[in-house]
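Order of the sequence lines sets the chain letters (A, B, ...), proteins ahead of strands, with each chain counted from 1. Below, each value reflects all heavy atoms present in this structure, side chains not excepted, and no hydrogens, waters or symmetry copies.
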Amino acid sequence: MKPIIDILDERLTAAMNQATGRQDCAALLRSATDPKFGDYQANGVMALAKQVKVNPRDLAQKVVDCLKWEEICEPPEIAGPGFINLRLKTDFIVDTLLKINAKHECLGIDTTNNPKKIVVDFSSPNIAKEMHVGHLRSTIIGDAICRMLEFEGHTVKRQNHIGDWGRQFGRVILGLWHMCMAKQHIKEDQLDSTVYYYQSELRELEESAQDKSTLEAICKRIRDRHKEDWEKDSEGKDNPSSGEKFFHPFLDDLQNRNPRELWPDFLAAYQYVNRLEDSLTDMGMDIPIRMRDPQKDTWIIKSIPYESLSRHITTMLQNIDHPDNEQEKKAWQRITDISLDHCREVYDLLNVKITDEHFDYEVVRGESYYRKMLPAVVNDLKKMGLAVESDGAMCVFPAGFKNKEGNPLPLIIQKSDGAHLYATTDLAAVRFRVDQLEAKRIVYVTGAPQALHFEMFFAVARQAGWANDDVDLVHVTFGSVLGEDGRPLKTRSGENIKLRDLLEEAVQKARSVVEEKNPDLDDQTKQDIARAVGIGAVKYADYSTNRNSDYIFSFDRMLSLEGNTAPYMQYAYARVKSIEQKAEDKHVNIEAELADMKQLTLDDPAELDLARYLIRYGEAIESASQDCRPNYLTQYLYDLAQKFSAFYNACPVLDAGPDKRPTRLLLCDLTARTIRHGLTDLLGIEVVEQM
RNA sequence: GUCCCCGUAGCUCAAUGGAUAGAGCGUUGGCCUCCGGAGCCAAAGGCUAGAGGUUCGAGUCCUCUCGGGGACGCCA
């Protein structure tokens, strides 16, 4: 079925064209601002009257005279300075409800007649970092956008543009190497109760931060051992540090281990590398490295500053696909696996699908995916004359952007050391998405601070002709999650709050509420409810604010069960389900009563109020999807739940007479279906039958 | 310094240029012989930070001021 608002808008527009003899009228049909004005109001007549210089109320009357409304609306009313107010006929509402009942799988909503291929780039966490609150919004807003677009009938390609390339690359490999070596330093019989050196030495480094000489002694000790381990690892081989003895077997063994157990260790080792490198600055310590002698094609050993070791690995591995770098490539792949597994755990909790196993196409295409396309991006921009060298770096200066000095602002695509940046990767990705994925719209869900980057990068993509006018480029921004103090949400010690911890706390808090309200449920049921309510509360709280606003994160409010929250919605749903369960006791066969319904009796104001709102679900989806604003959808669902509650209070269902009961059962059924569809199918929030 | 976002009830948040700016929490007062009271109904609470402007009409668009946050060349 076509949305009612669209039908009326078309008719109003036609009537306005007819009344004025023009072709360019806009009815501006909107939801009525107040129920006393009816269901819809047309705002366009007033502007039109101004243009054609006639009295707006007179024009409104003319428009109404030309308008076909009879089978849909009560007689239109002209109000105020020239509004045309439309109220749906009860018969029309009845008709529509019956049609929805006949097609209740899609709730009477048609798919779009203009389906597009749309890429949605979201979540995109950084490898080697635990997912934290900062990833919450992109992940769930992006997911909701995809779900809405998919429901509308678009072909959506989800892309998880993970940060798996670039500067931290060398450090993560070093981290894994330390994990390997630390294990070697542990005797077999100590394995249970032991502390790995990267754990104990991290503490030492932190504690001695202010004491230069102690710090140097620690670093020297670490360096000496590092060197020794490195040499031992290639014992008996002419290929230095080939990793034959320890590292390769370690990496192979990792494949057989549970990534979930490895993750904390890896994080600790990575943190160790970061700390160590920061500590080493200006200490003048060296470490040997191996490199290919390009002349003789043999390995040579060279000394470099210890603190630049990871940077060396990073630059060397610009060429990761070379056979010489197999060890590093393998290490990097293991880390990606381990890290993605951690993400997967969070995604599962959030009920978000943004990894490969859920789809028949590659979802996780991180920065590394585009690595081979980067030189071409730079070269092509150079050839076009768009990229020029500036202070040793390759830059594009898109028109209209200025820096602090008022000079043209560069988008840097290649650093002076030859390395590429995220702008380069973004450009390669946009090319890939337009050419290979045939995207007609690309949606980037990232925080507002990156707005300038996207503006510039879009401008360059357009200038280069990689995204022409037939491709929409959209940056969906969002605000920050704040703590109760109004500052960005952090732990007391100032660290990012781990997303998994946050979600687990939400489930735990929800559990204690369930425990209190409904102590007789069995343990598994309680846990299922706690999970649906806890996770749902976090997601719903996010969705229900304007995404551009910052919002203050509060477990108490989001779990408070009153107001516009997930628990309230879930409760409304559970109450309907409860009626269904009770039906059997009262010998009411719901299916039989709903099947093949021909007529409804909408007598009670609460029934009518609920009914007229139920048929407008599609409008809510349309507006939420259009602007990528899930809060339009939550607002609709909340209003719907409130109207249902009012109806529930005023109108007995199971005890109603046979003349009223089928209607009321239908209202219950469609309310439940709509809430479940909105919550679960579009927002990924579970509903529960009881709570 | 330039640019971007924000400033709405005591608090947390809404408001697709439209009519008298809405919810929830909190406050006050009603409503269970009845399907889940985790509910419903109602009241009080506002110069939409301030000043100009555009418009038939401005919380929304433009200009300025004040206050908060963020971005602005080799991180992402």
Side-chain angles (χ1 to χ4, degrees), chain A residues 28 30-34 36-37 41 43 46-47 49-50 56 79-83 85 124 126 163 166-168 367 390-395 401-407 409-417 419 421-423 425-426 446-453 455 477 479-480 482 486-488 513 516-518 541 544-546 548-552 554 556-557 560-565 567-568 570-572 574-583 585-586 588 606 623 626-627 629 631-632 634-635 638-639 642 645-656 664 668 690-691:
Chain A
L28 300 180
R30 301 284 185 266
S31 199
T33 53
D34 193 304
K36 75 180 176 223
F37 299 139
Q41 61 184 56
N43 299 334
M46 291 167 288
K50 182 74 182 172
F83 296 102
N85 291 335
S124 307
N126 202 307
R167 208 172 62 152
Q168 80 276 24
E367 293 171 335
S390 167
D391 294 339
M394 288 308 298
C395 303
F401 296 92
K402 287 192 170 65
N403 68 8
K404 345 182 181 183
E405 285 79 38
N407 299 322
L409 187 63
L411 185 73
I412 302 179
I413 54 170
Q414 190 171 26
K415 302 201 311 190
S416 42
D417 67 1
L421 297 100
Y422 79 138
T425 310
D426 278 341
T446 67
Q450 293 192 51
L452 181 61
H453 164 74
E455 267 183 66
T477 58
S480 315
L482 308 177
R487 308 285 311 160
V513 178
E516 181 194 321
K517 300 280 183 187
N518 224 336
S544 60
T545 65
N546 180 329
N548 279 318
S549 315
D550 297 345
Y551 70 91
I552 294 183
S554 159
D556 286 347
R557 262 199 305 279
S560 90
L561 313 160
E562 283 161 356
N564 190 7
T565 65
Y568 176 89
Q570 288 162 324
Y571 175 66
R575 284 208 297 182
V576 191
K577 287 291 149 181
S578 167
I579 292 177
E580 289 178 14
Q581 275 159 22
K582 292 261 157 48
D585 306 341
K586 302 206 175 191
V588 177
S623 55
Q626 184 92 37
D627 297 345
R629 294 269 298 269
N631 66 312
Y632 288 159
T634 58
Q635 188 61 52
Y638 180 57
D639 290 341
Q642 281 194 313
S645 288
F647 156 79
Y648 181 91
N649 247 40
C651 306
V653 178
L654 296 176
D655 296 332
R664 293 182 179 176
C668 287
Q690 50 177 345
M691 62 188 284

**Asked** In the 5'-to-3' direction, what one-character label does each nucleotide of nucleotides 66-75 of chain B receive under the scheme B = base within less than 4.0 Å of a protein heavy atom, S = sugar-phosphate only, - = no such atom?
**Response** ---SSSBBBS
Polar atoms only, N or O, under 3.5 Å: list the protein pairs with nucleotides 4-12 of chain B and their distances.
residue: B/U12; atom: O2'; partner: A/R557; partner atom: NE; Å: 3.1

Grab the N/O contacts between the protein and nucleotides 17-20 of chain B below 3.5 Å, and write none if there aren't any.
residue: B/G18; atom: O2'; partner: A/Q41; partner atom: NE2; Å: 3.4
residue: B/G18; atom: O6; partner: A/N43; partner atom: O; Å: 3.2
residue: B/A19; atom: N7; partner: A/T33; partner atom: OG1; Å: 3.2
residue: B/A19; atom: N7; partner: A/Q41; partner atom: OE1; Å: 3.3
residue: B/A19; atom: N6; partner: A/Q41; partner atom: OE1; Å: 3.2
residue: B/A19; atom: N6; partner: A/N85; partner atom: OD1; Å: 2.4
residue: B/A19; atom: N6; partner: A/N85; partner atom: ND2; Å: 3.3
residue: B/A19; atom: N1; partner: A/N85; partner atom: ND2; Å: 3.2
residue: B/U20; atom: N3; partner: A/K36; partner atom: NZ; Å: 3.3
residue: B/U20; atom: O4; partner: A/K36; partner atom: NZ; Å: 2.5

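A/Y638 meets the ring pair (Phe, Tyr, Trp, His ring centres under 6.0 Å) test with A/Y568; sequence neighbours excluded. The side chain to side chain contact (heavy atoms under 4.5 Å, CB included) search around A/S549 returns A/N546, not counting sequence neighbours. Scored by the ring pair (Phe, Tyr, Trp, His ring centres under 6.0 Å) test, A/F647 finds A/F644 as partners (sequence neighbours excluded). Under the ring pair (Phe, Tyr, Trp, His ring centres under 6.0 Å) criterion, A/Y422 pairs with A/H453, sequence neighbours left out. Take A/L409 and apply the side chain to side chain contact (heavy atoms under 4.5 Å, CB included) test, not counting sequence neighbours, and it matches A/F401, A/N403, A/L452, A/M456. Considering only residues two or more places apart in sequence or on other chains, A/P81 meets the side chain to side chain contact (heavy atoms under 4.5 Å, CB included) condition with A/M46, A/F83. For A/D655, the salt bridge (Lys or Arg N to Asp or Glu O under 4.0 Å) criterion is met by A/K586, not counting sequence neighbours. For A/Y571, the side chain to side chain donor-acceptor pair (under 3.5 Å) test picks out no residue, with sequence neighbours left out.
Residues A/S623 and A/A646 both approach RNA chain B. Their nearest nucleotides, taken by heavy-atom distance, put A/S623 toward the 5′ side.
Within the nucleic acid shown, A/D627 has no heavy atom closer than 4.0 Å to any nucleic acid atom.
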**Message:** Please convert RNA chain B into dot-bracket. A pair counts if it is Watson-Crick or G-U wobble with both distances under 3.5 Å; crossing pairs go in [ ] and bases paired with another strand get |.
**Reply:** (((((((..((((....[...)))).(((((.......))))).....(((((..]....))))))))))))....
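In the set B/G39, B/A15, B/A38, the nucleotide with an atom closest to the side chain of A/N518 is B/A38.
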